[in-house]
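FYI, side chains are in, hydrogens and waters are out, and symmetry mates aren't considered; it's all heavy atoms of this structure. Quick note on labels: first sequence line is chain A, next is B, and so on, each numbered from 1.
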Amino acid sequence: MLDIQLLRNDLDGVTKSLATRGFVFDAATFQTLEMERKTIQTRTQELQAKRNATSKQIGQAKSKGEDVSAIMAEVANLGDELKAAELNLEDIQARMNEILLTIPNLPHETTPTGKSESDNVEVRRVGTLRSFDFDVRDHVDVGEGLNQLDFGTAAKISGARFSVMRGQLARMHRALAQFMLDVHTQEHGYTEVYVPYLVNADSMRGTGQLPKFEADLFAVQKNENEKLYLIPTAEVPVTNMVRDEIVALESLPLKFVAHTPCFRSEAGSYGRDTRGMIRQHQFDKVELVQIAHPSKSYEVLEELTGQAEAILKRLELPYRVMALCSGDIGFSAAKTYDLEVWLPAQNAYREISSCSNFEAFQARRMQARYRNEKGKPELVHTINGSGLAVGRTLVAILENYQRADGGVDIPAALQPYMGGQKVIEVVS
RNA sequence: GGAGAGGUGGCAGAGUGGUCGAAUGUACCUGACUCGAAAUCAGGCGUAGGUUCAAACCUACCGUGGGUUCGAAUCCCACCCUCUCCGCCA
């Protein structure tokens, strides 16, 4: 959520900035509502003040045993007008708030301006691409060839966009998550947290998934009037830990890492990445979240991105870092780096992590604050990124580490997590 | 699922219709005392919003939402959450 003061003071600037991310902001409607709001609020507060003063008089008169019928008559008409004014004000504030909740964040000045994915800027490229002396197969062929990756059975159990893993592959999936957690907790100073996978609407609003993106979420009915949502990323529960909190200055930055499943309905992505486990309704992810002092958040973004990269480096997977352009960054983000891993079968780099600084956008929705140097509450900044998406990491390993005989080499960093095993062999 | 108790400021805790944004204690800040600190004394100390150059003033907020009333932390209704006991359960 943007600061409403900013909209009042610099409507043009905000509108222009939003335009760079392809968002058309109806400034005229906002302006009209704002003027209306001003008039109504002033009037409402006048009436309230009058009512308060009169009621006070009645109280005082009564305690002295005086007759209050004259004053009572005076206030008699006040009630209706006041009630109408209050309802009116409430209505207009609700409408403004609705608008406010659907405005995306402003891109940071260092976010490249552009319209789409093709305008993203490559920041760096790391690792060397392996050359294969046999025909490269994609992760589906490799996994199914091992008889350890099974989409048919998953489809029977649940439907499209699910997968079943067995044996060594299932173990490697587990090993990856363990490995990532260990690196981030032991070497990068994160505190591991275990969090709910079902969250309430307030949490979804807090991080920006609601009200705009309900269609992307899975939900369950908790009772007649309440829904719970399956988390699309651990960002939601973890970031919301500080919702409605005022954290101590000295405790910043808070650094949390969580391994959770993620659930996405992938509405609107029909036909995209239908093959394989690139785009699933359910996938595991290790997520890094930092709650930072506003003056430090861009340093933190660089740090956190580097920490996600560290996993790719350890696994010796080639990747590149992309700075997303204004037209491609997510709704809540001011700046985003995507990490894209090399997938030889696709002959392309594919997203495996997304690291963003949300500045105060989420914090304002969540009322997540810290007490500043002067002791005044001030909004924190939130930063998060995948470190990494576990399923896609597994895909990258299957493709980059495949062998001519159909087996898969296990990256050296992962071997301790697989009982020292070096290869996933084909079993006939 | 059943029975009971409770949700008030950073924390503790009073307040059952009027002068209550809220006693008191504690924490915290400033000053006095002190070589310094502790103790003591004095003062200050919630959040959000509005009018405004500012000062100042005003409004809202006592779990949430409704209601009664000239007036609600206080009365009524619904819901949420926490705790205790019983039952069930991974």
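Note: CD (A:Gln367) to P (B:rU47) measures 12 Å, nearest angstrom. One atom, CG of A:Asn9, and another, C1' of B:rC53, lie 14 Å apart when rounded to the nearest Å. In this structure, CG of A:Asp244 is placed 13 Å from C1' of B:rA48, rounded to the nearest angstrom. Rounded to whole angstrom, the span from the CG atom of A:Leu249 across to the C1' atom of B:rG10 amounts to 16 Å. Taking atom CD of residue A:Gln60 and atom P of nucleotide B:rG71, one finds them 17 Å apart after rounding to whole Å. Rounding to whole angstrom units, NZ of residue A:Lys376 and P of B:rG46 are separated by 7 Å. The CG atom of A:Leu89 sits 13 Å away from the P atom of B:rC61 (whole-angstrom rounding). Atom P of nucleotide B:rG63 and atom CG of A:Asp202 are separated by 18 Å, given to the nearest angstrom.
Looking at A:Glu303 and A:Lys255, a side-chain N of the basic residue comes within less than 4.0 Å of a carboxylate O on the acidic one, giving a salt bridge. The pair A:Asp141-A:Arg275 meets the salt-bridge criterion, since a charged nitrogen lies less than 4.0 angstrom from a carboxylate oxygen. Classification of A:Arg350 and A:Glu399 as a salt-bridged pair fails, no side-chain N sitting under 4.0 Å from a carboxylate O. Contact check on A:Arg95 versus A:Glu98 returns no salt bridge, with no Lys/Arg side-chain nitrogen under 4.0 Å from an Asp/Glu carboxylate oxygen.
Nearest-nucleotide mapping onto RNA chain B: of A:Arg369 and A:Ile4, the residue sitting toward the 5' end is A:Arg369. Nearest-nucleotide positions on RNA chain B place A:Lys83 closer to the 5' end than the other of A:Lys222 and A:Lys83.
Using a 4.0 Å heavy-atom cutoff across all strands shown, A:Arg37 reaches sugar-phosphate atoms only and no base atom. At the heavy-atom level, A:Glu245 lies nowhere under 4.0 Å from the strands shown. Contact annotation for A:Arg371: no contact, since no heavy-atom pair falls under 4.0 Å across all strands.
In this structure the side chain of A:Phe179 never reaches within 4.5 angstrom of the side chain of A:Leu181, judged on heavy atoms.
Taking atom P in both B:rU19 and B:rA38, the straight-line distance is 39 Å, to the nearest Å. Comparing the P positions of B:rC45 and B:rA22 gives an interatomic distance of 11 Å, to the nearest angstrom. Comparing B:rC79 with B:rC88, their P atoms sit 27 Å apart, to the nearest whole Å. B:rU68 and B:rU16 have their C1' atoms separated by 16 Å, with the value rounded to a whole Å. Atom C1' of B:rG15 sits at a distance of 13 Å from the matching atom of B:rG21, rounded to the whole Å. The C1' atoms of B:rC20 and B:rG46 are separated by 15 Å, rounded to the nearest whole Å. For the P atoms, the distance from B:rA73 to B:rU64 is 12 Å, rounded to whole Å. When the C1' atom is used for both B:rC77 and B:rA72, the distance is 15 Å, rounded to whole Å.
Pairing for B:rG25 goes to B:rC11, judged as Watson-Crick or G-U wobble with the two contacts each under 3.5 Å. B:rC20 is unpaired under the criterion used here, namely a Watson-Crick or G-U wobble arrangement in which both key atom distances are under 3.5 Å. Here B:rU40 sits opposite B:rA32 as a Watson-Crick or G-U wobble pair (both hydrogen-bonding atom distances under 3.5 Å). Pairing partner, B:rU74: none, since no Watson-Crick or wobble contact has both distances short of 3.5 Å. Base pairing of B:rU51 is made with B:rA56, judged by Watson-Crick or G-U wobble geometry with both donor-acceptor distances under 3.5 Å. Under the Watson-Crick or G-U wobble criterion, with both distances below 3.5 Å, B:rU69 is left unpaired in every strand shown. B:rA3 is paired with B:rU84 under the criterion used here, namely a Watson-Crick or G-U wobble arrangement in which both key atom distances are under 3.5 Å. Here B:rC89 sits opposite no nucleotide as a Watson-Crick or G-U wobble pair (both hydrogen-bonding atom distances under 3.5 Å).
Aromatic ring pairs are classed by plane angle as parallel below 30°, tilted from 30° to 60° and perpendicular above 60°; the pair A:Tyr190 and A:His184 is perpendicular.
Centroid-to-centroid, the aromatic rings of A:His281 and A:Phe263 stay 6.0 Å apart or farther. Checked against a 6.0 Å centroid threshold, the rings of A:His381 and A:Tyr298 do not count as neighbours. You'll find the ring centres of A:Tyr229 and A:Phe218 outside the 6.0 Å limit.
Of the candidate nucleotides B:rG18, B:rU47, B:rU68, B:rG18 has the atom lying nearest to any side-chain atom of A:Ile58. Of the candidates B:rU19, B:rU51, B:rG66, the closest approach to any side-chain atom of A:Lys56 belongs to B:rU19.
Near RNA chain B, meaning a heavy atom under 4.0 Å away, the residues from residues 44-54 of chain A are A:Gln45, A:Gln48, A:Ala49, A:Arg51, A:Asn52.
Atom CD of A:Gln367 sits in a crowded spot, with more than 12 heavy atoms from other residues, nucleotides or ligands closer than 6.0 Å.
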